[in-house]
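One structure is given below, encoded as structure tokens.
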Amino acid sequence: MKLDATDLRYVTSDEFRVLTAVEMGSKNHEVVPLSLIVQISGLRNGGVNKLVGSLAKRNLISKMQNSKYDGYRLTYGGYDYLAMRALSKRDSMSSVGNQVGVGKESGKLPHIYIVADADGNEMVLKLHRLGRVSFRAIKSKRDYLGKRKSASWMYMSRLSAQKEWAFMKILHEHGFPVPRPIDQSRHCVLMEFIDAYPLRQVSEVENPGKLYSTLMDVIVRFAQAGLIHGDYNEFNILIKRETGEPIVIDFPQMVSTSHENAEWYFNRDVECIKTFFKRRFRYESSLYPRFRKVVDEEPWSGQDSFRLDVMVEASGFGRREMKVLEEYMESVREEEQGSSEPEEDMEEEDEDEETGDEEDRNAEKADIVLSGPKTFEARTVLHSTHQTSSISG
Ligand code: ADP
Ligand code: MG
């Protein structure tokens with residue numbers, strides 16, 4: 001899929017004003033009426049007419065034929081654009097390269113790009129995308145969206161990125177093996193690029209027992225700090241190319257050990273590792289962490305202990321946000337399981353769900369591909385020379 005947001009050079013400051021007006025209008029309008037865009041942007045009516053046309057042509061907004069009025073909606077591409085522009089304005093990144101990590105995992109749309117700053121340092125940009133959930137699915141839940149119902153995909157994708165950012169920061173600060181977080185805007189997280197293979201693509205390791213216990217140890221350290229990863233599997237564990245050390249990624253579903261289903265999440269994380277090691281490396285061990293033991297034994301009041309779940313909450317990603325995101329992600333899952341009809345707004349998904357055996361064969365293929373030199377070609381240089389408009393995101 002083409003990343004429309006790489007088209008950054010061709011957005012004028014008036015177009016940017018209009019785009020921002022559409023984003024602001026989306027906060028309480030599913031389809032933002034033209035009159036509101038005019039009002040927010042503070043531009044002339046005739047001018048706005050032309051500008052929305054050119055933005056729609058580039059797929060940054062789309063025109064909706066609503067029964068009551070004509071209006072526009074921000075597209076994924078438009079939202080990507082706004083986030084990347086904000087990141088480039090503050091010099092966090094300046095060019096966009098190739099997409100990585102295109103293997104699909106559990107219904108998520110992977111949107112991971114290699115980007116670089118002005119000095120050519122490579123980083124990873126993750127664009128969070130939570131699919132649109134039908135009104136039916138949302139209605140069945142508590143009214144957690146409030147007035148935001150309409151713009152939920154934007155709001156939820158942003159929450160997801162904010163959550164990942166909050167957790168990555170605190171984990172990194174406390175010496176956990178996670179990428180260094182660099183910046184965050186809207187639904188995007190900018191982080192250190194890890195030169196690694198996802199564990200899923202590793203067909204052989206020198207010492208599976210050692211890796212197994214390292215990975216279980218990370219689960220234990222998480223729990224001792226009050227956290228459970230919640231999606232701890234071969235997709236979200238990267239094995240560093242040079243050292244073979246594991247780095248853990250992907251945090252939008254992390255939960256606190258005080259969560260009502262904490263034990264279930266904990267056991268699922270443990271089970272994922274056990275199953276994967278058995279299938280892939282034919283490695284089995286009778287040793288694995290037990291939730292009760294880890295949690296009960298932890299001297300919370302001890303000198304070295306810290307509660308990262310509490311710290312994250314204090315850092316601004318609070319209990320309410322956690323809950324809202326959790327319920328939404330649950331709706332997405334339910335909807336995916338419950339209906340085979342694709343959401344009309346969803347982007348294309350790749351359909352090769354694989355069986356375990358195929359996965360193993362692919363691992364061997366993937367190894368060959370991945371051991372080649374890493375290439376980075378900046379396709380587009382983001383401009384930061386546009387005039388800033390008085391509206392900023
Ligand atoms: P998703 O929500 O799509 O599962 P992840 O954070 O798990 O997103 O990233 C998807 C893939 O992108 C990973 O499996 C990995 O291949 C690649 N990836 C993500 N973050 C990094 C990183 N910091 N360095 C290198 N590769 C990464
Ligand atoms: Mg993942």
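Basis for what follows: all heavy atoms, side chains included, without hydrogens, waters or symmetry-related copies. Indexing begins at 1, ligand by ligand and atom by atom, following the structure's order.
Closest of all the heavy-atom pairs between Thr257 and Leu227 is CG2-N, 3.8 Å.
Distances between N or O atoms of Asn236 and those of ligand 1 include at least one value under 3.5 Å. Below 3.5 Å of separation, one finds an N or O of Ile194 facing an N or O of ligand 1.
At least one heavy atom of Pro198 sits closer than 4.0 Å to an atom of ligand 1.
Each of the atoms 14 (O) of ligand 1 lies under 4.0 Å from some heavy atom of Phe235. Within the listing of ligand 1, atoms 23 (N) sit less than 4.0 angstrom from a heavy atom of Met191.
Put simply, the side chain of Tyr76 never gets that close to the backbone of Leu60: no donor and acceptor are under 3.5 Å apart.
For atom 22 (C) of ligand 1, the nearest non-hydrogen atom from the set Leu130, Ile114, Val124 comes from Val124. Closest heavy-atom approach to atom 5 (P) of ligand 1 among the candidates Lys240, Lys126, Glu192: Lys126.
A distance of 8.5 Å separates CG in Leu82 from OG in Ser185, rounded to the nearest 0.5 Å.
Applying the side-chain hydrogen bond (donor to acceptor under 3.5 Å, both in side chains) rule to pairs touching residues 159-176 yields Lys126-Glu164, His128-Ser160, His128-Glu164, sequence neighbours excluded.
To the nearest 10 degrees, the angle centred on the Mg ion (ligand 2) between OD1 in Asn236 and OD2 in Asp250 reads 90°.
Ring geometry, Phe277 versus Phe281: the interplanar angle exceeds 60°, so the pair is classed perpendicular (tilted spans 30 to 60°).
Under 3.5 Å, the side chains of Arg307 and Ser258 contain a donor-acceptor pair of N or O atoms.
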